[in-house]
Number of protein chains: 2
Amino acid sequence: MSKNKEKLKMVLHKEGLRFTNQREAVWNEIVTCDEHRNVDDIYMTLRKNGILVSRATVYRTIDVLVKNNMVRKLDVGVGPSKFEHKMNAPHHDHMICIQCGRIEEFVDDQIENLQDSVAKEYEFKLVRHIHQLFGICKDCQ
Amino acid sequence: MSKNKEKLKMVLHKEGLRFTNQREAVWNEIVTCDEHRNVDDIYMTLRKNGILVSRATVYRTIDVLVKNNMVRKLDVGVGPSKFEHKMNAPHHDHMICIQCGRIEEFVDDQIENLQDSVAKEYEFKLVRHIHQLFGICKDCQ
DNA sequence: AATTATTTGAGACTCATTCACAATAAGGGC
DNA sequence: GCCCTTATTGTGAATGAGTCTCAAATAATT
Ligand SMILES: [Mn+2]
Ligand SMILES: [Mn+2]
Ligand SMILES: [Zn+2]
Ligand SMILES: [Zn+2]
């Protein structure tokens, strides 16, 4: 069994949820693509590949995946949220072009550390964060 | 004429928009309150004070204010966006309790600088940013 | 196989926000 | 101030992402 399938089984078990074809299909579609896509993108791709899963099930499954750190939810400020899997990739944040919508990823460990310090200072138990830079990308300038 | 009224007049003029009672009332309601409120909070407060401005106008006015750096839009992850004026206060970001919804502000110049460096590195023209920490606040732990 | 509990799909629903359009009000010149 | 042009407003309808309901399907348990 593939590593990713294992992972899904584990998480579903931990959550007391059943392993179903639909959940596997959704996870598989997400984990085998490295783009930032919205629910409809994912739903339509599944459908195009002849895999019939309802939109509601895509939403429901993604909720579970996000809750369990397998998928990152990305609010790009306009339109529906986007999603990307978190397998085999270090944590990163995003720069979003307000002109063309391009999403670029960035990593900055110093910022991450400072962020932890801030949380500690306020005795705030940090669960997740959003750090997004909005502006004009190189190509759009 | 008050400083804030001046400011509004300037911005509206710059945008080629007219100075109206409604726009003044909305700006006045926002600038004289230091909380993080959603459109409906603001709308209802105006209404409670006998100032009849339609919801659509509140939305429209806030758009202008946000676009012109007089108001910050705050997406708290659940429910409607919140807003706060940006007068007489240094830039800050937010920590949001996912339990009770409390919003705490924080300032970190080092993070701001690193952020600028990242943008420069990618030749990305930074216009605005969101940096929000989600977690459990001191009181909710 | 029968029983019980969960999941699914379909579509209705919610709720924040936007839109269309007729009525109203600003601003600039006279 | 008055007229004219154009922007703004209020109303309520429309939109659209996301959630919910519930009956049918599927899975687990006996
Ligand atoms: Mn990414
Ligand atoms: Mn604030
Ligand atoms: Zn761009
Ligand atoms: Zn709290």
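Below, chain A is the first sequence line, B the second, and so on; all start at residue 1. Because only heavy atoms are used, hydrogens play no part in the values below, and waters and symmetry mates are left out as well, while side chains stay in.
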Set of side-chain contact (heavy atoms from CB on, under 4.5 Å) partners for A/R18, sequence neighbours left out:
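A/T20, A/R23.
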Listed partners of A/A89 passing side-chain contact (heavy atoms from CB on, under 4.5 Å), at least two apart
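Result, side-chain contact (heavy atoms from CB on, under 4.5 Å) vs A/A89: none returned.
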Please say whether more than 12 non-hydrogen atoms of neighbouring residues, nucleotides or ligands are located less than 6.0 Å from NZ in A/K125.
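Result for NZ/A/K125: open.
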Would you confirm whether [X], through its side chain, and [Y], through its main-chain N or O, come within 3.5 Å as a donor-acceptor pair?
| X | Y | answer |
| --- | --- | --- |
| B/W27 | B/I62 | no |
| A/Q141 | B/E123 | yes |
| A/N49 | A/L46 | no |

So, does B/N21 get its side chain near the phosphate of C/dA26, meaning an N or O under 4.0 Å from OP1 or OP2?
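Yes, within the criterion.
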Can a side chain N or O of B/Q22 be found less than 4.0 Å away from OP1 or OP2 on C/dA25?
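Checking B/Q22 against C/dA25: no side-chain N or O falls below 4.0 Å of OP1 or OP2.
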Please work out which residues in residues 68-81 of chain B have a non-hydrogen atom less than 4.0 Å from an atom of DNA chain C and list them by number.
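Those residues are B/P80, B/S81.
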Tell me, which of residues 25-43 of chain B have any heavy atom that sits under 4.0 Å from an atom in DNA chain C?
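DNA chain C contact set from residues 25-43 of chain B: none.
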Between A/Q115 and B/H131, does a side chain to side chain donor-acceptor pair (under 3.5 Å) hold up when you go through it step by step?
CA-CA 10 Å; A/Q115 203 175 237; B/H131 195 182; 2.6 Å; yes
salt_bridge(B/R37, B/E84) N-O dist < 4.0 Å:
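No, B/R37 and B/E84 are not salt-bridged.
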Rounding to 10 degrees, work out the angle separating the end axes of the helix from C/dA1-D/dT30 to C/dC30-D/dG1 (five pairs an end).
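The end axes of the helix from C/dA1-D/dT30 to C/dC30-D/dG1 are about 30° apart, to the nearest 10°.
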Nearest 0.5 Å, what's the CD-CE distance between B/E121 and A/M95?
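Here the interatomic distance stands at 8.5 Å.
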Just to be sure I understand the geometry, which residues of residues 47-67 of chain B put a non-hydrogen atom under 4.0 Å away from DNA chain D?
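Of all residues in residues 47-67 of chain B, the ones placing a heavy atom under 4.0 Å from DNA chain D are B/L52, B/V53, B/S54, B/A56, B/T57, B/R60.
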Restricting to pairs with a member in residues 47-95 of chain A, which pass ring pair (Phe, Tyr, Trp, His ring centres under 6.0 Å), not counting sequence neighbours?
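Of all non-adjacent pairs touching residues 47-95 of chain A, those that pass ring pair (Phe, Tyr, Trp, His ring centres under 6.0 Å) are A/H36-A/H94, A/H91-A/H129, A/H92-A/H94.
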Compute whether any side-chain donor of one residue and acceptor of the other, for A/K14 and A/N68, lie under 3.5 angstrom apart.
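On atom types as modelled, these side chains qualify, holding a pair under 3.5 Å.
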Could you list the cluster mates of B/L52? Members are the ILVMFWY residues connected by side-chain heavy atoms closer than 4.5 Å, either directly or through other members.
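Other cluster members: none.
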Among Ile, Leu, Val, Met, Phe, Trp and Tyr joined by side-chain contacts under 4.5 Å, find the other residues sharing a cluster with A/I130 and list them by chain and number.
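Under the 4.5 Å side-chain rule, A/I130 groups with A/L74, A/V76, A/I96, A/I98, A/I103, A/V127, A/F134, A/I136, B/L74, B/V76, B/I96, B/I98, B/I103, B/V127, B/I130, B/F134, B/I136.
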For A/R55 and A/D40, run salt bridge (Lys or Arg N to Asp or Glu O under 4.0 Å): C-alpha distance rounded to whole Å, both residues' side-chain angles, the deciding distance at 0.1 Å, then the answer.
CA-CA 8 Å; A/R55 223 178 292 261; A/D40 235 55; 2.2 Å; yes
Could you work out, with side chain to side chain donor-acceptor pair (under 3.5 Å) as the rule, every residue matching A/K67, not counting sequence neighbours?
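Here the qualifying residues are A/E15.
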Tell me, please, the opening and closing nucleotides of DNA chain D, 5' to 3', among those with an atom under 4.0 angstrom from a non-hydrogen atom of chain B.
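Span of nucleotides near chain B: D/dT6 to D/dT11.
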Nucleotide N/O to protein N/O under 3.5 Å, stretch nucleotides 27-30 of chain C:
from   : atom 1 : to    : atom 2 : distance (Å)
C/dG27 : OP1    : B/F19 : N      : 3.2
C/dG27 : OP1    : B/F19 : O      : 3.4

